[in-house]
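This one's a predicted model, so the numbers in the text were calculated from it and none came from an experiment.
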Amino acid sequence: MITDKCKLVNNNDERGNYVVSTNEIKVGELLFSEESFSSIPLEFHNKQYCFLCCKQSEIIDDKNTTTEEQTTKTTTKDINNKPIQCKFGCNMWFCSEECSNDMTHQLECSFITKFIESSVKNECDVSTCLLALRIIIKNKIQSEKYQETVGKLSNQKEKFLETNKSFIEKYENNFQQVFDQLKQENSDPSLLAIFNKDEFIELVCSIYVNSFAGLSNDFNRIPISNGYFYKPALLNHSCEPNIFFTVKDLKLEMRACKKIEKDQEIFDSYVDLLLPTIERQKILFNSKNFICKCLRCSDSTEGERYISSIYCFHCNDGVEFISPEVFYNTDTKRLEENWKCSNTTGTCKFNEKEQNQRNKDNELEVILSDIKEFKEFINGEDLLLSNVNSSTADQEMPIIENILKRLLRYERDILSKLNLNHQCWLLFHLKLSKTFEKLSLVYNNFDYLIQSIQHYKEMTRIVESILKDSTSGELVDCYCHLGRINEKYLLSLIKQRNQFIQLKLQNKNKEDVDIEKLNVDIKNLLKFINHCYLNSYNHSVLVYGNNHSKSIQLNEMVLKSNLKSTTTIPNSTTSS
């Protein structure tokens with residue numbers, strides 16, 4: 001029994017062990033929580049995160065942090081620690097003397113720099129190597145706990161050797177170089193005895209297969225930590241999961257994102273669910289050594305999500321789509337795509353071709369090449385606009401205009417050929433929303449803000465379509481940002497209204513402005529903002545719980561934007 005709500009079923013066939021519910025579990029219900037055996041921040045030289053417990057400090061990097069992120073961090077009540085630097089030589093940052101003086105860190109401290117240098121040289125993931133080092137040392141201190149929990153997890157080393165031998169070899173070289181260096185330096189034999197190459201490699205494999213990432217609070221949901229847990233690692237994967245996990249510091253919580261019936265298998269997701277099947281499968285195959293066979297992956301349309309679907313250029317009726325079935329080619333030992341049209345009448349010329357001919361169709365190849373080009377452009381640094389401000393705006397505007405013109409050409413020539421849920425549309429709306437929001441700040445332009453809102457609304461629609469009847473942190477952040485960006489629009493309307501009123505009082509207003517209509521628009525917009533925050537809050541309670549800082553902050557936003565709690569329309573001094 002894992003907890004009183006779920007249990008491990010031992011299974012000896014190809015499927016392996018799995019976890020089922022012992023009772024009906026409601027959406028948002030906590031299945032279990034667990035503290036990691038060991039964790040590590042991915043940005044380990046950053047004083048913002050404790051190198052031992054991964055707790056976030058109150059230091060905020062204003063240069064690299066958006067106003068929204070700063071607000072989230074500064075209003076989080078449980079962040080009251082200030083970073084201190086290690087006194088033993090590694091120069092890592094900690095949240096307290098207690099973490100800095102921890103026995104595990106004292107033992108690992110003198111090896112950290114060597115592992116970092118060697119990992120970079122051998123092109124190994126530095127954080128994985130440091131986490132493996134920490135686990136090895138902590139195992140010596142808490143061997144009983146290790147053996148009873150994470151020590152039982154499968155590392156799948158043999159599968160890595162079979163499918164990705166070079167991966168194993170570079171980590172073996174990395175370990176050997178560090179070990180040889182320690183021997184040359186005549187390190188204490190008792191310390192050298194801690195290290196074992198086989199144990200290190202098995203842990204590296206196990207970390208890739210079993211670890212869980214803690215994510216940032218922004219919509220990008222960037223991984224900020226890596227933790228080694230036991231109970232969560234027992235759960236199988238599905239691209240249509242019924243649970244959602246969150247990691248804060250060392251603690252992981254699992255909550256139901258769908259209703260789970262008694263004796264139903266409990267599935268987690270190991271990948272970003274907003275990715276198309278081919279990308280999800282590549283991540284799973286390369287890092288977890290398996291191919292997902294869930295209902296979503298088995299359907300070329302991904303359960304009518306159409307994230308990779310193209311309008312059929314043979315049917316040409318705007319109804320049928322060409323979508324890819326992903327399969328593993330045993331001859332090439334690669335994941336490949338078999339494209340088919342959704343037309344079931346037998347009249348589509350594309351479907352009449354043999355599979356190899358379909359995959360080599362000239363028009364399809366051109367579209368796929370265009371999609372690749374678009375993704376490379378949309379993810380480029382040129383679109384970040386991070387350096388644009390009011391003082392440089394005039395010089396940067398020609399560059400910005402060229403970028404926007406190019407995006408419009410992509411929209412006309414490439415995106416128009418894709419289903420409206422295609423990943424390219426998601427990237428397009430997300431990037432343009434951020435771009436127009438930035439431009440609205442730089443130029444104080446009302447129209448840019450409206451365009452930003454329109455793109456973010458469409459992006460939110462796509463995210464909802466992909467996640468279907470589930471809930472997740474992505475929806476929390478989508479609705480929260482949609483509320484925030486509309487708040488900016490609200491303040492612009494209020495400012496505009498107050499200016500008209502002031503000019504009217506001074507008999508200087510030459511425009512015939514319907515103030516009452518403007519007041520109605522402001523009220524309706526406030527209702528929409530409240531709707532966004534309420535949606536965000538409801539999702540947050542389900543995936544994070546009532547007491548999470550996000551849920552508390554969102555509840556305050558719901559109350560603030562609730563028209564029923566106010567007797568007058570907000571004026572220009574209302575805080576946002």
Side-chain angles (χ1 to χ4, degrees), residues 66-69 72 215-222 271-276 279-280 302-310 371 374-380 382-386 403-404 406-408 410-412 414-441 447-490 525 528-529 531-540 543 550 554 557:
T66 65
T67 303
E68 182 176 332
E69 290 169 334
T72 301
L215 304 179
S216 62
N217 285 330
D218 57 15
F219 176 75
N220 293 322
R221 302 176 62 74
I222 300 169
V271 292
D272 182 352
L273 296 176
L274 300 182
L275 295 174
E279 294 186 32
R280 298 195 313 276
E302 301 196 30
E304 298 185 346
R305 291 173 173 87
Y306 301 106
I307 305 175
S308 302
S309 298
I310 301 166
I371 288 173
F374 169 78
K375 286 184 178 180
E376 289 174 352
F377 175 73
I378 203 79
N379 291 319
D382 290 341
L383 289 176
L384 295 179
L385 303 180
S386 56
I403 290 172
L404 294 176
R406 189 170 175 184
L407 283 172
L408 290 174
Y410 277 128
E411 182 180 19
R412 181 193 65 219
I414 299 176
L415 273 66
S416 61
K417 300 176 183 178
L418 312 178
N419 185 280
L420 292 177
N421 279 359
H422 196 285
Q423 186 199 21
C424 286
W425 277 112
L426 180 65
L427 296 173
F428 177 79
H429 292 302
L430 174 60
K431 190 68 74 170
L432 273 181
S433 176
K434 290 185 174 181
T435 300
F436 284 124
E437 185 179 5
K438 175 72 175 180
L439 291 175
S440 72
L441 292 173
D447 293 333
Y448 284 138
L449 197 55
I450 294 173
Q451 290 185 71
S452 177
I453 291 169
Q454 290 172 341
H455 284 291
Y456 214 92
K457 280 183 178 179
E458 185 60 17
M459 190 204 71
T460 302
R461 181 200 66 78
I462 296 173
V463 171
E464 279 192 311
S465 297
I466 294 173
L467 297 175
K468 286 191 174 268
D469 59 344
S470 185
T471 185
S472 78
E474 285 90 347
L475 284 176
V476 175
D477 295 331
C478 272
Y479 277 112
C480 179
H481 187 74
L482 194 55
R484 285 185 182 278
I485 198 171
N486 274 281
E487 272 197 87
K488 295 178 181 179
Y489 182 28
L490 174 69
L525 185 56
F528 180 71
I529 292 168
H531 167 76
C532 291
Y533 286 147
L534 187 58
N535 270 342
S536 184
Y537 171 73
N538 289 336
H539 283 294
S540 183
V543 298
K550 269 194 173 181
L554 284 165
M557 293 176 177

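In terms of heavy atoms, S308 sits closest to P276 at OG-CB, 3.0 Å. Across all their heavy atoms, L427 and K375 have their closest contact at CD1-CG, 4.1 Å. Of all non-hydrogen atoms in L482 and I453, the two that sit nearest each other are CD1-O, 4.3 Å. Of all heavy-atom pairs spanning S540 and L554, the tightest one is CB-CD1, 3.7 Å. Contact between L441 and K488 at its shortest, heavy atoms only, is CD1-NZ, 4.4 Å. Scanning both residues, S470 and L475, for their nearest heavy atoms gives O-CD1, 3.9 Å.
Note that CD1 of I310 is 4.5 Å distant from CD1 of I371, once rounded to the nearest 0.5 Å. To the nearest 0.5 angstrom, W425 atom CH2 is 8.0 Å from I462 atom CD1. To the nearest 0.5 Å, atom CG of residue L430 and atom CE of residue M459 are 5.5 Å apart. Rounding to the nearest 0.5 Å places OG of S536 at 7.5 Å from NZ of K550. Note that CG of L467 and NE2 of H539 are 9.0 Å apart. Values are rounded to the nearest 0.5 Å. Rounded to the nearest 0.5 angstrom, E302 CD and L275 CG are separated by 9.5 Å.
With hydrogens and angles ignored, the 3.5 Å screen pairs a side-chain donor or acceptor of S440 with a backbone N or O of E437. Put simply, the side chain of S465 gets close to the backbone of R461: a donor and an acceptor are under 3.5 Å apart. The backbone N or O of R412 lies less than 3.5 Å from a partner atom in the side chain of S416, making a donor-acceptor pair. Side-chain N or O atoms of Y533 include one that pairs as donor or acceptor with a backbone N or O of R484 at under 3.5 Å.
Y306 pairs by the ring pair (Phe, Tyr, Trp, His ring centres under 6.0 Å) definition with F321, not counting sequence neighbours.
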Open item on the list: Test side chain to side chain contact (heavy atoms under 4.5 Å, CB included) on L404 and F436; report intermediate values, then the result.
Closed with: CA-CA 10 Å; L404 294 176; F436 284 124; 4.1 Å; yes
TODO: Evaluate side chain to side chain contact (heavy atoms under 4.5 Å, CB included) for I485 paired with S452, printing each intermediate quantity in order.
DONE: CA-CA 8 Å; I485 198 171; S452 177; 2.7 Å; yes
Task: Check against side chain to side chain contact (heavy atoms under 4.5 Å, CB included), D477 and V463 - done: CA-CA 11 Å; D477 295 331; V463 171; over 6 Å; no
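Side-chain contact of H531 with N535: a donor-acceptor pair under 3.5 Å is present, judged by distance alone.
N421 has its side chain out of reach of I466: every pair of non-hydrogen atoms, C-beta onward, lies at least 4.5 Å apart. Looking only at side-chain heavy atoms (C-beta outward), F374 and L415 come within less than 4.5 Å of each other. Inter-residue side-chain proximity for T460 and H481 is flagged as unmet; no heavy-atom pair is nearer than 4.5 Å. Contact annotation: the side chain of I403 approaches that of F377 to within less than 4.5 Å [non-hydrogen atoms, C-beta and beyond]. Counting only heavy atoms from C-beta outward, the side chains of C424 and I414 never approach each other to under 4.5 Å.
Results of the side-chain contact (heavy atoms from CB on, under 4.5 Å) test with I307 over Q423, H422, E279 single out Q423 as the only residue that passes.
Relative orientation of the H429 and H455 rings is tilted, given thresholds of 30° and 60° on the angle between their planes.
Residues F428 and Y410 keep their aromatic ring centres 6.0 Å or farther apart.
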